[in-house]
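The next block holds one structure in the form of structure tokens; read it before the comments.
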Amino acid sequence: MRRLIVTDLDSTIIFNRGVSPADREAMGRWRAAGNLLAVDTGKSIFATRGVLEPAGVRFDYGIVFTGAVLIDGDYQVLAARYLPDGVARAVAEDTADLPGVSTYATTITQDYILSDNNGDVSSILQVFEPMTAAQMGEHRFIGVPLRVTDDFLRERIEIEAAERWGAGIECHRNLEFLDIVPTGSSKGGGLAELLAGPLAALRASEGLEVWTLGDSYNDVSMHALADHPITLPWAPPEVSQACERVVGSMAELIDGLLRQGPQTS
């Protein structure tokens with residue numbers, strides 16, 4: 001039976017925009033032993049590549065934009081869905097003047113910023129291009145990440161967005177961010193699509209044991225599909241309760257699995 005680790009990025013293997021040598025080397029050993037590695041993240045293709053390539057991290061599949069897009073290990077798009085026309089611009093206009101809110105918009109190739117009412121740069125989304133609301137009509141958008149530093153305001157924005165655009169969007173919380181993505185998109189939905197699509201033949205022929213590693217609220221749907229959902233010590237209680245155990249790092253998880261040896265079907 002083959003084994004697959006599906007990992008979140010921020011605060012799971014990425015810290016201060018870097019990957020530790022121990023985690024990087026462990027992931028390399030994991031793949032060299034014939035196992036599979038997938039990343040499952042709210043980041044865009046652009047942001048995922050921007051942090052993993054310099055760190056020397058290679059993977060087999062990517063679930064990006066909170067499940068809206070699947071990519072292969074060369075960052076080529078396998079499947080994608082988009083927000084309904086007009087939604088990204090409406091959200092940008094509604095949040096442009098809200099204190100403590102920074103509004104971004106993501107296309108298949110680039111991350112943009114529409115407004116910044118925080119005055120500092122997030123460690124999660126640091127590289128972006130400016131865009132005005134008037135320019136948004138020239139693009140198709142996959143997601144609108146909102147950095148909202150106030151918990152109550154974040155909840156209010158989520159409720160109002162769901163009431164206005166409920167049939168076409170989903171909202172997912174990740175630390176200070178609220179990610180607005182196309183309906184049907186989630187980390188778990190993206191993993192299900194990966195298992196039913198690109199990995200379906202492998203699952204049928206050899207079997208596939210799925211391990212997930214993630215620390216935040218938007219990882220719960222991913223954990224629900226795993227044979228072995230794993231989290232980290234700093235995860236909120238709701239996430240820990242969805243997992244079978246806690247590890248200190250990706251390297252700790254992989255080292256334990258490699259010592260355990262391959263599973264038989």
Donor-acceptor contact present, side-chain Trp30 to main-chain Asp255, <3.5 Å = no
For the rings on Phe59 and Tyr75, is their centre-to-centre separation under 6.0 Å?
-> yes
Salt bridge present between Glu93 and Arg89 (N-O < 4.0 angstrom) = yes
Tell me, which pairs form a side-chain hydrogen bond (donor to acceptor under 3.5 Å, both in side chains) where one or both residues lie in residues 181-197, sequence neighbours left out?
-> Asp8-Lys187, Lys187-Asp219
Asp60 side chain vs Gly73 backbone, donor-acceptor pair below 3.5 Å = no
Is it true that a side-chain atom of Arg81 and a backbone atom of Pro182 form a donor plus acceptor pair closer than 3.5 Å?
-> no
So, does Asn16 use its side chain to make a donor-acceptor pair with the main chain of Gly18 at under 3.5 Å?
-> no
Short N-O contact, Arg156 and Asp151, less than 4.0 angstrom = no
All pairs passing salt bridge (charged side-chain N to carboxylate O under 4.0 Å, His left out) where residues 130-144 contributes a residue, at least two apart = none
Could you go step by step and tell me if Tyr112 and His139 meet the ring pair (Phe, Tyr, Trp, His ring centres under 6.0 Å) rule?
-> CA-CA 11 Å; Tyr112 297 93; His139 301 273; 5.5 Å; yes
Is there a donor-acceptor pair under 3.5 Å between the side chain of Asp116 and the backbone N or O of Asn118?
-> yes
Has the side chain of Glu176 got a donor or acceptor atom that lies under 3.5 Å from a matching backbone atom of Thr149?
-> no
ILVMFWY clustering at 4.5 Å (side-chain atoms), partners of Leu225 | Leu4, Val6, Leu36, Tyr61, Ile63, Leu70, Leu78, Leu191, Leu194, Leu195, Leu199, Leu202, Leu208, Val210, Met222
Start with the C-alpha gap between Ile45 and Phe65, add the side-chain angles, then the distance that decides, and say whether side-chain contact (heavy atoms from CB on, under 4.5 Å) holds.
-> CA-CA 8 Å; Ile45 299 172; Phe65 295 96; 3.7 Å; yes
If only atom types and distance count, is the side chain of Asn117 paired as donor or acceptor with the main-chain N or O of Gly100 below 3.5 Å?
-> no
Tell me yes or no: between the side chains of Asp215 and Thr231, is some donor less than 3.5 Å from an acceptor?
-> no
Does the side chain of Thr103 pick up a donor-acceptor pair with the side chain of Thr95 at under 3.5 Å?
-> yes
